[in-house]
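One structure is given here, and the rest of the page talks about it.
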Amino acid sequence: MLDESSATHLARILAKILGMIQPPPDRDGSDDPFAQIGDPFLAVADKRRGLLAVAGAHEYDEAKTVGIFHVTDRARRRWVLGSQHPVNAMAFHPTHPLLFEGELLLVHLETGTVLSLIEHDLGRQVLGLEWLNDQNLRVLMAPPDDWKDRKAHVEGHVAVVRRADWTAIRAKSLTGRALAGPRVPAPRPDHREAARQAVARLASRRKTR
């Protein structure tokens, strides 16, 4: 039987393994809710729910940290997540409280539960995500192996994944066949400046309040 301290420590370890870290709430107005994100690389807003997802990188690393913030409540931090692959794309579901990001991690925004959807243990680097409607998600992925492939850094594979109910999808349920698609041009745009400006606006609004 674990004592309370050991159980808490074990829970934190398990949360990190699952790629989910729930930060403590802001103690006062002087705390910086964006501190854990690092340098913002990508920012995506869900205006209907008043949320902003920000992917950031720490020194000498790629953008593998994602923070989800309430922008209508003093930019209060809600979740902080880790990704195995660099986060090049994020997309909020049009109607359900879900966020898709990075290596196709599905974040349930009401509980903070994180599912890795790609069956392969190494996952895939996702370059683009676009909801065509409530059921169809367009996914653009980097080629699975860029060794000796000169075009791998400027091209990708595109697929449309359809699920009748994305809230019921299971972890590791997207197979290679489900993600198979034609190879297309896939430039890697730089979203850093727009992300930095989005975070700066929220930080400025928070200081004003």
Side-chain angles (χ1 to χ4, degrees), residues 19 37 39-48 51-57 61-68 81-109 114-196 198:
I37 304 304
D39 185 17
F41 267 58
L42 176 67
V44 175
D46 182 345
K47 295 181 179 179
R48 188 165 65 90
L51 297 175
L52 180 73
V54 181
D61 198 2
E62 297 175 296
K64 295 183 180 180
T65 303
V66 174
I68 302 171
L81 318 165
S83 176
Q84 178 182 356
H85 293 289
V87 179
N88 297 296
M90 297 186 289
F92 287 97
H93 191 276
T95 57
H96 295 306
L98 305 172
L99 171 70
F100 292 75
E101 57 94 349
E103 64 204 67
L104 270 189
L105 294 179
L106 168 61
V107 185
H108 288 265
L109 298 172
V114 182
L115 300 178
S116 182
L117 300 183
I118 296 179
E119 179 185 44
H120 197 284
D121 289 339
L122 296 180
R124 290 284 297 275
Q125 184 178 358
V126 177
L127 303 175
L129 293 168
E130 179 186 3
W131 284 104
L132 304 180
N133 51 48
D134 288 2
Q135 298 182 348
N136 295 322
L137 177 63
R138 182 181 184 271
V139 185
L140 178 64
M141 296 156 290
D145 186 359
D146 60 6
W147 187 61
K148 294 185 178 180
D149 185 348
R150 290 180 297 177
K151 294 186 177 181
H153 298 284
V154 294
E155 295 182 346
H157 296 273
V158 64
V160 175
V161 182
R162 177 182 175 83
R163 291 292 184 274
D165 183 3
W166 283 92
T167 64
I169 193 170
R170 293 176 288 105
K172 304 292 186 181
S173 61
L174 295 185
T175 63
R177 176 175 295 182
L179 296 172
R183 189 152 170 167
V184 298
R188 276 62 161 175
D190 191 332
H191 300 287
R192 280 178 293 183
E193 187 56 36
R196 289 167 180 166

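- Taken to the nearest 0.5 Å, the CG atom of Asn133 stands 10.0 Å off from the OG1 atom of Thr95.
- No donor-acceptor pair closer than 3.5 Å links the side chain of His157 to the backbone N or O of Pro143.
- Between atom CG of residue Leu117 and atom CG of residue Leu174 there is a gap of 5.0 Å, rounded to the nearest 0.5 Å.
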Using side chain to side chain contact (heavy atoms under 4.5 Å, CB included), reason through Leu105 and Leu81 one step at a time and then give a plain yes or no. CA-CA 10 Å; Leu105 294 179; Leu81 318 165; 5.7 Å; no
Evaluate the side chain to side chain contact (heavy atoms under 4.5 Å, CB included) criterion for residues Asp46 and His93: first the C-alpha distance (whole Å), next the side-chain angles of each, then the deciding distance (0.1 Å), finally the verdict. CA-CA 9 Å; Asp46 182 345; His93 191 276; over 6 Å; no
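- If you take CD on Glu155 and CZ on Arg150, they are separated by 11.5 Å, rounding to the nearest 0.5 Å.
- The heavy-atom pair separating Trp166 from Asn136 by the smallest distance is NE1-N, 4.5 Å.
- The two residues Lys64 and Val87 make their nearest non-hydrogen contact at CA-CG2, 4.4 Å.
- Counting all heavy atoms, side chain and backbone alike, Ala159 lies closest to Ala178 at CB-O, 4.2 Å.
- Using modelled atom types, no side-chain atom of Ser83 and backbone atom of Pro86 make a donor-acceptor pair closer than 3.5 Å.
- Separation of atoms CD1 (Ile169) and CZ (Arg163) is listed at 5.0 Å; rounding is to 0.5 Å.
- Across Leu98, Leu99, Leu129, Val107, a single residue satisfies side chain to side chain contact (heavy atoms under 4.5 Å, CB included) together with Phe92, and that is Leu99.
- Taking 4.5 Å as the limit, every side-chain heavy atom of Met90 sits out of range of all side-chain heavy atoms of Val54.
- Considering every non-hydrogen atom in both Ile118 and Lys172, the closest pair reads O-CD, 3.1 Å.
- Annotation: the span from Asp165 atom CG to Gln135 atom CD amounts to 9.0 Å, rounded to 0.5 Å.
- Closest heavy-atom contact between Met141 and Leu127: C-CD1, 4.0 Å.
- By the 6.0 Å contact criterion, CZ on Arg138 is open, its count of non-hydrogen atoms from other residues, nucleotides or ligands being 12 or less.
- Here the CG-CG distance, from Leu179 to Leu140, works out to 11.5 Å after rounding to the nearest 0.5 Å.
- For Arg177, the CZ atom is loosely surrounded, since the number of other residues' heavy atoms within 6.0 Å does not exceed 12.
- Considering only heavy atoms from C-beta on, Val158 comes within 4.5 Å of Pro182 through its side chain.
- Looking at every heavy atom in both residues, Ala142 comes nearest to Arg188 through CB-NH2, 3.9 Å.
- Within the 4.5 Å cutoff, side-chain heavy atoms of Leu132 are placed close to those of Glu130.
- Of the possible polar contacts, none joining the Arg124 side chain to the Gly176 backbone as a donor-acceptor pair under 3.5 Å is found.
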